[in-house]
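One structure is given below, encoded as structure tokens.
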Amino acid sequence: MFEFDQYLGFLAFMTILTIGFWLMIFLLTFAIPYWLFGSAIESFKEKRAAKKAKLEQ
């Protein structure tokens, strides 16, 4: 059915496909939401600190 080099190519393709799939799942479920919520919280803290500093003047 397959020759040995075709078998190795198929294994390489499946490995790359699997790694890409799990990387996409990781990025969409953890890394990107962590980055977005972290930056939103940080900007909220900066705005609150600027407002507090403005009131103290």
Please list, one pair per line, the donor and acceptor atoms closer than 3.5 Å that link side chains of residues 4-14 to other protein atoms, with sequence neighbours excluded.
from	atom 1	to	atom 2	distance (Å)
Gln6	OE1	Glu3	N	3.1

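Residue Lys45 holds its NZ atom at 7.5 Å from CZ of Arg48, rounded to the nearest 0.5 Å. To the nearest 0.5 angstrom, Phe26 atom CZ is 10.0 Å from Ile32 atom CD1. To the nearest 0.5 angstrom, Leu28 atom CG is 9.0 Å from Leu23 atom CG.
Tyr34 is not connected to Phe37 by any chain of hydrophobic side-chain contacts under 4.5 Å among Ile, Leu, Val, Met, Phe, Trp and Tyr, and they are in different clusters. When the side chains of ILVMFWY residues are joined at heavy-atom separations under 4.5 Å, either directly or via intervening members, Phe30 and Leu27 end up in a single hydrophobic cluster.
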